[in-house]
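Right, one structure below, let's go through it.
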Amino acid sequence: MRYHLLSALAATAVAAAPAAPSESYDYIVVGSGPGGGPLAADLARAGYSTLLIEAGGDEGDNPTYADIANFNEAANDEMTRWDFWVKHSDDPEQDLKFEHTTWDTGDGTFYVGLDPPEGAKLLGIQYPRASVLGGCAMHNAGVCSMPADDDWNIIVEKTGDTSWSAENMRKYFKKIERNEYLAPGDDAHGYDGWLATSVADNSWAKDDSLPGTKILRKLAELTGQDPDQAADLVNRDILEVGDKVDETTSFYNMVTHADSKGKRSSPNNYVRATLADPAEYPLTVKLHTLVTRVLFDEASLANGSTPRAVGVEIMEGASLYKADPKHADGATGPVSQIRATREVIVSGGAFNSPQILKLSGIGPADELAKFNISVVKDLPGVGENLGDNYEGGVLALGAAPIDTGLITLLFRTPSAPTAKRNIYTWCGAFSFEGFWPGFPTYHGPTQYECAMVHLAPKSQAGSVRLVSADPQDRPEINFRFFEHGGDEDLAELVEAANLLRKAFQAAGDPVLPFDELHPCPGSAANRTCDDAAQAEYLKLQAYSHHATSTCSIGGDDEPLAVLDSKFRVRGVEGLRVVDASAFPVVPGAFPSCPTMMLSAKAAEDILAAAEETDKKRRRLFA
Ligand SMILES: Cc1cc2nc3c(=O)[nH]c(=O)nc-3n(C[C@H](O)[C@H](O)[C@H](O)COP(=O)(O)OP(=O)(O)OC[C@H]3O[C@@H](n4cnc5c(N)ncnc54)[C@H](O)[C@@H]3O)c2cc1C
Ligand SMILES: *[C@@H]1O[C@H](CO)[C@@H](O)[C@H](O)[C@H]1NC(C)=O
Ligand SMILES: *[C@@H]1O[C@H](CO)[C@@H](O)[C@H](O)[C@H]1NC(C)=O
Ligand SMILES: *[C@@H]1O[C@H](CO)[C@@H](O)[C@H](O)[C@H]1NC(C)=O
């Protein structure tokens, strides 16, 4: 592997002024997740010298990451974990009711709960991210799902750029996919890409005597499907295309970005394959390197012309970011600069991309002024518009275990605002109640849950804001859940929970009675909660892990637009953002596959622009 560590000639930490740039590349990509990793590989494969900078290391061969079944261990692993401590609202009292609020006890351990020991310091609500080659696609569950067509088409409406149509976006999925679950020849799928997709064996559903199958059949009945078709529908392609897909309530087989042997497939594989390719593509990967800001051409800043990004400043070393649990107090590394002759692309994810822009002078002018950061471009939308799927689940303990596979269902609840489905649920013998150090809680062999992801949240009022000008500090993240249309979204979640709970009752002997843990505790015989109580529970306990939209693409007339439709940061040159922060709205139920599609599109857009530039240059020198 050609991983280049920084040369020993780089400036040392003691030197106040960074060394003058000694290295240069056509493109510099910051961050190797679903946004940046595939993009860097694509640019290098097109022949451009590309530097991919990643704060984390490479765990591609580590079974905790390589075997998709270990995703919970991966998300807890200190090797890669970045802990963000987020807020769900502006009301500290409300946030303190979150059952998995986390505290620092001061003796190197966490306290998780509502009754912290004396002297413990409040951290907040844990929001894990993976800092590693491949980004969060290295510790996620790998669930691959398409956004609703409208989630792409809204970009066409905002910007007039028809290349964002859902129909056109599908071609990027076909390009990157290596389908391992359908017979070759399905026109909606790709078979030669770098991203393996696979499904589970759902043959258990043919056995009507199993408690899990009884729940499945009841769910069919409750959602207007034929129970006798359920055993077939559980194999339906969840990535199918068609006019009415977004209005379809159906079972499906959950697709994951893993191969049929259970090996995770992520940008890590693609980057490594690109480095190892005998074609010797001009890709350089710097691991354990924190980008501290984007650099702009001094002359353009001085004479008032459009500022041009010309490189990045980096700090070299492992665990430099304070979200890293391995970070040692006061640790820094040598600072230096690297030049990009064509463009800089920021792909640090929904929390870090806006932070990097702000540290570079691009963001709300008043916020930058607070930290004495000179304004390169006043862009009030940077770090705003943060959105996420609301998540919860009906979790109960049976009188006996249920050991069938997962039921995956997309459905519409009665009060959904449009004809589109609004809940993605998966049911099985697991517990998923959000994130905290050491999650999830094992409630014993009889645990059974239907986890819910709510689609199209009506509020994206969250924000990522600086707490200092120190690039090693974490920003302040507040999701402001349910700020707009919250009662409606909570009502949809309660409708979903009520429906799922009814299906639990079909499990039969020996599983019944179920004793529900939440959102409506107790059994069918003794529970007392009403819809209002469930809504209150979900309002306080909803969690999320699909943050997007903090550097949103938008139209020329939108004050909070950060990017144009070609991912270009508005008001400057040579700078783009390509990752989950670019989506103007939360893209369906799971952002990982949509972000990789967006990355493939960005590669095409950037390469087209490069060709234009080269043509102009040729004309100039002809
Ligand atoms: C526990 C968990 C489970 C998930 N499960 C699923 C799932 O099953 N399906 C799904 O679709 N989505 C899932 N997601 C979400 C999904 O993985 C993310 O939405 C996706 O990875 C976002 O991609 P990204 O490129 O925007 O950012 P990221 O994946 O966050 O990648 C950003 C990268 O940039 C690097 N970086 C950041 N700042 C700097 C800097 N200053 N200098 C250098 N490098 C930097 C980081 O180290 C990181 O590697 C999950 C997320 C989590 C946390
Ligand atoms: C300002 O400086 C930039 C970079 O050197 C140059 O390209 C541009 O033409 C200059 N503009 C003016 C108005 O002088
Ligand atoms: C910003 O600069 C002013 C003037 O130099 C100084 O007084 C102030 O403390 C600085 N603020 C920060 C946050 O560094
Ligand atoms: C409700 O019923 C369940 C199942 O029988 C039982 O486990 C639980 O203890 C009961 N709860 C209350 C509050 O009585």
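All values below come from the heavy atoms of this structure, side chains included, with hydrogens, waters and symmetry mates left out. In each ligand, atom 1 is the first atom listed, and ligand 1 is the first ligand listed.
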Exercise for review: Return the orientation label for the Trp82 and Tyr321 ring planes: parallel under 30°, perpendicular over 60°, tilted otherwise.
Suggested key: tilted
Review point. Charged N to carboxylate O under 4.0 angstrom, Lys286 versus Glu316?
Key: no
Practice item. Write out the protein residues near ligand 4, meaning a non-hydrogen atom under 4.0 Å from one of its atoms, in order of chain and number. Key: Pro513, Asp515, Ser523, Asn526
**Study point:** Inter-residue atom distance Leu210.CG - Asp403.CG, 0.5 Å rounding
**Key:** 7.5 Å
Revision key, fill the gap. Counting from 1 in the order shown, the ligand 2 atoms closer than 4.0 Å to a non-hydrogen atom of Ser305 are 1 (C), 11 (N)
Check your understanding: Is the shortest N/O to N/O distance between Asn372 and ligand 3 below 3.5 Å?
Key -> yes
Review point. Any idea which atoms of ligand 2 are less than 4.0 Å away from a heavy-atom of Asn303?
Key: 1 (C), 2 (O), 3 (C), 8 (C), 10 (C), 11 (N), 12 (C), 14 (O)
**Study point:** Qualifying side-chain hydrogen bond (donor to acceptor under 3.5 Å, both in side chains) pairs with a residue from residues 359-377, counting only residues at least two apart or across chains
**Key:** Lys358-Glu367
Point to revise | Exercise: identify the closest heavy-atom pair between Phe430 and Leu406 | key: CE2-CD2, 3.8 Å
Practice item. Scan residues 515-526 for pairs that pass salt bridge (Lys or Arg N to Asp or Glu O under 4.0 Å), counting only residues two or more places apart or in two chains. Key: Arg501-Glu516, Glu516-Arg527
Review point. Hey, is Lys539 close enough to Glu536 for a salt bridge, meaning N to O under 4.0 Å?
Key: no
Check your understanding: Can you pull the disulfide bond (SG atoms under 2.5 Å apart) pairs that have at least one residue in residues 497-527, sequence neighbours excluded?
Key -> Cys520-Cys529
Check your understanding: Quick one: which ligand 3 atoms are inside 4.0 Å of a heavy atom on Lys370?
Key -> 13 (C)
